[in-house]
Number of protein chains: 2
Amino acid sequence: MTDKPSRTERRSEALTKEQIVEAAVDILDTQGEAALTFRTLAARLATGSGAIYWHVSNKDHLLAAAADHVMARALAGVTGDDGGPQGAIRAIALAVFDAFDAHSWVGARLSLAPDQSAMLRFFEAIGSQLQRLGVAAAARFDAWSALVNYILGVAAQNADNARRHHGEADRETLLAAMAARWQQLDPEGYPFLREVAAHLPGHDDREQFLAGIDLILAGITAAVRE
Amino acid sequence: MTDKPSRTERRSEALTKEQIVEAAVDILDTQGEAALTFRTLAARLATGSGAIYWHVSNKDHLLAAAADHVMARALAGVTGDDGGPQGAIRAIALAVFDAFDAHSWVGARLSLAPDQSAMLRFFEAIGSQLQRLGVAAAARFDAWSALVNYILGVAAQNADNARRHHGEADRETLLAAMAARWQQLDPEGYPFLREVAAHLPGHDDREQFLAGIDLILAGITAAVRE
DNA sequence: ACCTGAACACCGTTCAAGT
DNA sequence: ACCTGAACACCGTTCAAGT
């Protein structure tokens, strides 16, 4: 503990799973999913590629642990509930959205049915706000499922989209090009898309994500009032 | 066209992109995503692995084309609209859910911003029902986005979940195990999950997906009535 | 207990050469 | 125009051997 790493480049402390996961998150964030290999990770940690297998059973588990790590950090940053249960749900939803957006590889790696502790805390956080909101016990399971699935599914979708088009001109240029294509569709077959195309440029994905949350909340509270 | 493939095992007709895509879909469905390689695909098509690159630029495009193929087939199977606009939206949503469930690799491969024709038809189908429903033009973009994103995101999530636990005992056993774990959580930290755990076994993912659709629709129509 | 790194059994993709 | 299949530059994972 007190000896400095003097003799060679060999670590004096044993490798830990946390060190491995943090290094993996950093590579994923800065260089993308394709750049994370056991060889680059081992080089970064100054060890052999096989050493990583002592702490992590395989690449899938490594990615799951990395995703849980990011999710935990995101939830830790959610501020106190000033806006009542609905405000709290919005704050949690946005924290997940922003975390998936900043770490575009996370969405594809979080399992819905995990023992990962961050996911359990997320599940509980949404559910407890529904209790505060006064949702009847019989309706709570479906309301909770809709919110949790919407948040994870749509945030993942959004991040995946950003990842796919990364480095392909900027967002506004892509939206403008998409709008132009939609406006050239057959007027018989695609009246709606031709109309909605005009709203594509300049829209805010984050606000639209939140608008969906609000629609679900409106559906939930409409039932509460009856 | 009329000559039978007589002389050798060499194809007499040229390979087409559609043949390649259909073979890929079949391998993905029956053997899983890991089994689809250019080598197995070439062997199945009695050609060399490089020949596929003449018709398809790379593996990502092949998977995108395969996903679009499945999506097109799913939408073609949606029955006429007897239940009004809300019934039509439910029917489309279920068709997507069932297609993703039956082809668990599809969800991860469908891009939200595609030129893929099936996706455009899906987008239009949802939007046109919102027009029929009388949603005001100003609210239509967000309502459409919430539905489309919920459907794609949650269906993909559900399929991914099934894929991940494929072959790991049956669904009910897994749900029972998950419920047992949730019931053993700390009562201080996880009151909601301890309560909701009881609903896990025996619940129907497809019905719960639909309940979420209904909550969004309730939110949309609540706004329409104002 | 923990680490090393060569070896194994694969991949996607390219490309000179064929028809 | 379309196909062949060897070759290239990688992977994840294993495991005998080390400390």
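Within every chain, numbering begins at 1; the chains are lettered A, B, ... in the order of the sequence lines, protein sequences first and strands thereafter.
- In this entry the distance linking CG of B/Leu41 with P of D/dC3 reads 13 Å, nearest Å.
- Between B/Phe209 and B/Tyr150, the gap from one ring centroid to the other is short of 6.0 Å.
- Of the candidates B/Ile151, B/Ile213, B/Leu210, B/Leu94 forms a side-chain contact (heavy atoms from CB on, under 4.5 Å) with just one, namely B/Leu210.
- If A/Gly50 and A/Ala34 are placed on DNA chain D by their nearest nucleotide, the residue sitting closer to the 5' end is A/Ala34.
- What separates NE2 of A/His55 from C1' of D/dG12 is a distance of 18 Å, to the nearest Å.
- The side chain of A/Ala14 approaches C/dC2 more closely than any other nucleotide in the set C/dA6, C/dC2, D/dC2.
- With a cut-off of 3.5 Å on both Watson-Crick or G-U wobble distances, the partner of D/dG12 is given as C/dC8.
- Panel note: side chain A/Ser128, backbone A/Ala125; a donor-acceptor pair is recorded below 3.5 Å.
- Between the C1' atoms of D/dC11 and C/dC8, the separation comes to 12 Å (whole Å).
- When heavy atoms are screened at a 4.0 angstrom cut-off, B/Ile52 is found touching no nucleic acid atom at all.
- Residues B/Asp68 and B/Arg109 are not paired through a salt bridge, judged by the lack of any N-O separation under 4.0 Å between the basic side chain and the carboxylate.
- Distance B/Phe38 CZ to C/dG12 C1': 7 Å, rounded to the nearest Å.
- Salt bridge status for B/Asp101 with B/Arg206: absent, with no side-chain N to carboxylate O gap under 4.0 Å.
- Using a 4.0 Å heavy-atom distance criterion, B/Leu62 is classed as making no nucleic acid contact.
- One can place OH of B/Tyr53 at 4 Å from P of C/dT13, the figure rounded to the nearest angstrom.
- With a 3.5 Å ceiling on both atom-pair distances, the Watson-Crick or G-U wobble partner of C/dC2 is D/dG18.
- One interatomic measurement links the two molecules: CG of A/Leu15 to C1' of C/dC3, which rounds to 9 Å at whole-angstrom precision.
- Contact annotation: B/Trp54 side-chain N/O to D/dC3 OP1/OP2 distance is not under 4.0 Å.
- Distances were taken from every side-chain heavy atom of B/Thr37 (C-beta onward) to each of C/dC11, D/dA6, D/dG12; the shortest belongs to C/dC11.
- As a whole-Å value, the separation of A/Glu33 CD from D/dC11 P is 14 Å.
- Closest contact between the side chain of A/Ala51 and the listed nucleotides C/dT13, C/dC3, C/dG5 involves C/dC3.
- In this structure, the CZ atom of A/Arg39 is 13 Å from the P atom of C/dG5, given to the nearest Å.
- Between the CG atom of B/Leu36 and the C1' atom of C/dG12 there is a distance of 11 Å, rounded to whole Å.
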